[in-house]
Amino acid sequence: MAGISRRDFIRAAGGGVALGSLLFGVSNARAGGGHVVVIGGGFGGATAAKYIRLIDPTVEVTLIEPAKTYVTCPGSNWVIGGLRKIGQITMTYDGLKRHGVKVVHDMVTHVDPDKRSVKLKSGGTLTYDRLVVSPGIDFKWGKGYTEAVSQAIPHAWKAGPQTTLLRKQLEAMPDGGTFIIVPPNNPFRCPPGPAERISMVAHYFKKHKPKAKIIALDPKGKFSKQGLFIEGWKKLYGFGTENSMIDYHQTVEIEEIDPKTRTVVTGVDEFKADVLNFIPDQKAGAIARATGLAGDGDWCPIDGRTFESTLIKGIHVIGDSSIAKPLPKSGFAANSEAKVCAAAVVALLQDRPVPEPSWVNTCYSLVAPDYGISVAMVYEIDHATGKIAKVKGSGGLSPADAPQKVRKNEALYAQSWWMTITADTWG
Amino acid sequence: MNKHKKSVYVAVALSAAYVTAACASPEAGKTALKAQASAHRSVDASGEAIGRTCAGCHALSKKNYKGFVPVIAGMEKDKIVEKMKAFKAGTAKDVTIMDRIAKGYSDAEIEAVAAYYAKMKH
């Protein structure tokens, strides 16, 4: 029972249920289960809402998400590379409704942790016994890159119209043009994402614009799955040769960008792009920070056993907004965190001990449509510290210099994974 | 689909007793740590806690499934245990990723997650 006494729990649950009943007209027969409000309908929020209902169908769950559909970030690089259409990675909330989740398309403008209530943009107020906050990421605008600039120079790091915009610009770019990508500083959503994007753009250029070039200007000194990506780029895109399609610069000091000329000004040189993809540094979603869940920092500290905030009782933070390291900020990790959180929320509502958690993360990336690589890891609670830890001896990267059959299998698994995890999350 | 949903609820109910017992006191965790010198984990998780993580890649129903990752729901318990132990030991053939993942679990956890999936209808 992290951070909440039995007396607090009973008082909060009692008050919440009474108000919840007034607002929703819930019958007395179901009132015993309590009311959980979930903010955000991405991998974290949707999974938490569904699994709370699966674990205890007496719990009333309300999911608040402004958008009617959700475009998954996993798979969005495949759209940019021309392997998928945006409609093929767009989910609806019908599946969650079939599990009895009440889906409200609205926006939470304020959370009152003392009254255990959330205010909606449309004017209503909902009370909760427990709140799950899963708002994803927000961007740190700056260095000449603003939200307004992103309408012409996409970040494409939240999938949807931004993904389509980048794809259209790449299609319109002449053969012989230059595509520049600026990856963000750590920590950020989807650590292997920028390199997968480079791979997918290279695949598209190889087929349709063989004279085009890709320049990566990375402020960091290394990137996720670096060895495996470079092995694939050497095999497929001439990396390291005079005819390399990809030129990857590391530890680049990014000074600013000039949106009018699509120029990136660095500590030593200026790089002019035909198509520029600037991915800003990131922080927890706005509602998490406004509620005080990030304290003075950018991300939200949590107790790994429950994902309850260590700063505010009764509120759980999952997905990219939370500090769940060594779990990465990925859709798979958010789904895995949500299941641990759901089991903990049900146990806490029932005043039972929280079950022992277990997490997995598997990140597949496509270097080409038939060339996949992965990193996987199993995680547990280290009971000596109470923190999330990697299970020693588990996990790791795909083998280096593996036969093409292994790469092809992982490409098939990557696409299979997308189908299964989206069904597990929204289906 | 309804059949499948039902099986999930049944599995959850069946293993609830296990979870409660395993987490009844902090002492239970310490005992588990001593008893499993060869285990990777400090405290075993239940079959359902581990099983839910598998569902990220392994579909829970063969109905309309077009993926390449095998469906393990409804598979015989012994078959799952045998395969997982081979992955863990590094002796399985045609390995893609499960060798890396299987090393994350104690033998007791492998038994528990196999029982969880064996009970599931597909």
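Hydrogens, waters and symmetry mates play no part in the numbers below; they use all other heavy atoms, side chains included.
Counting all heavy atoms, side chain and backbone alike, B:Tyr65 lies closest to A:Ser416 at OH-OG, 3.0 Å. Scanning all heavy atoms of the two residues, the minimum distance from A:Thr420 to B:Ala55 falls at CG2-O, 3.5 Å. Scanning both residues, A:Tyr413 and B:Phe68, for their nearest heavy atoms gives CE1-O, 4.0 Å. When all heavy atoms of B:Ala49 and A:Glu356 are compared, the pair lying nearest together is CB-O, 3.7 Å. Residue B:Ile97 comes nearest to A:Thr362 through the heavy atom pair CD1-CG2, 3.3 Å, listed as atom of the first residue, atom of the second, then distance. Pairing each heavy atom of A:Met419 with each of B:Lys66, the nearest pair is CE-O, 3.9 Å.
Between the OH atom of B:Tyr105 and the OG atom of A:Ser394 there is a distance of 8.0 Å, given to the nearest 0.5 Å. Summarising the geometry, atom OG1 belonging to B:Thr53 is positioned 7.0 Å from atom NZ belonging to A:Lys339; distances are rounded to the nearest 0.5 Å.
Here B:Thr96 is the residue among B:Val95, B:Asp99, B:Thr96 with the most heavy-atom pairs under 4.5 Å with chain A. Ranked by heavy-atom pairs under 4.5 Å with chain B, the list A:Val360, A:Leu412, A:Asp424, A:Asp382 is led by A:Leu412.
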Go through it in stages, so that I can follow the logic: the residues are A:Val378 and B:Ile101, the test is side-chain contact (heavy atoms from CB on, under 4.5 Å), and I'd like the CA-CA distance, side-chain angles, deciding distance and then a yes or no.
CA-CA 6 Å; A:Val378 184; B:Ile101 293 171; 4.1 Å; yes

Check the pair A:Phe332 / B:Cys57 against side-chain contact (heavy atoms from CB on, under 4.5 Å), numbers first and verdict last.
CA-CA 9 Å; A:Phe332 197 120; B:Cys57 291; 3.7 Å; yes

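Looking at A:Ser398, the atoms closer than 4.5 Å to chain B (heavy atoms on both sides) sit in the backbone and in the side chain alike. Proximity to chain B is absent for every atom of A:Lys390, based on heavy atoms less than 4.5 angstrom apart. Proximity to chain B is limited to the backbone of A:Val375, based on heavy atoms less than 4.5 angstrom apart. Looking at A:Ala376, both its backbone and its side chain come within 4.5 Å of chain B, counting heavy atoms on both sides. Using a 4.5 Å cut-off between heavy atoms, B:Asp94 touches chain A through its side chain atoms alone. Using a 4.5 Å cut-off between heavy atoms, A:Tyr364 contacts chain B through its side chain alone, with no backbone atom that close.
With a 6.0 Å radius and a threshold of 12 heavy atoms from other residues, nucleotides or ligands, A:Lys97 has its NZ atom above the threshold. Annotation for B:Glu82: atom CD does not count as buried by contact number, only 12 or fewer foreign heavy atoms lying within 6.0 Å. In A:Lys235, the NZ atom is crowded: over 12 heavy atoms of neighbouring residues, nucleotides or ligands sit closer than 6.0 Å.
A salt bridge is defined here as a Lys NZ or Arg NE, NH1 or NH2 lying under 4.0 Å from an Asp or Glu carboxylate O, and A:Glu337 with B:Arg52 fails to meet this definition.
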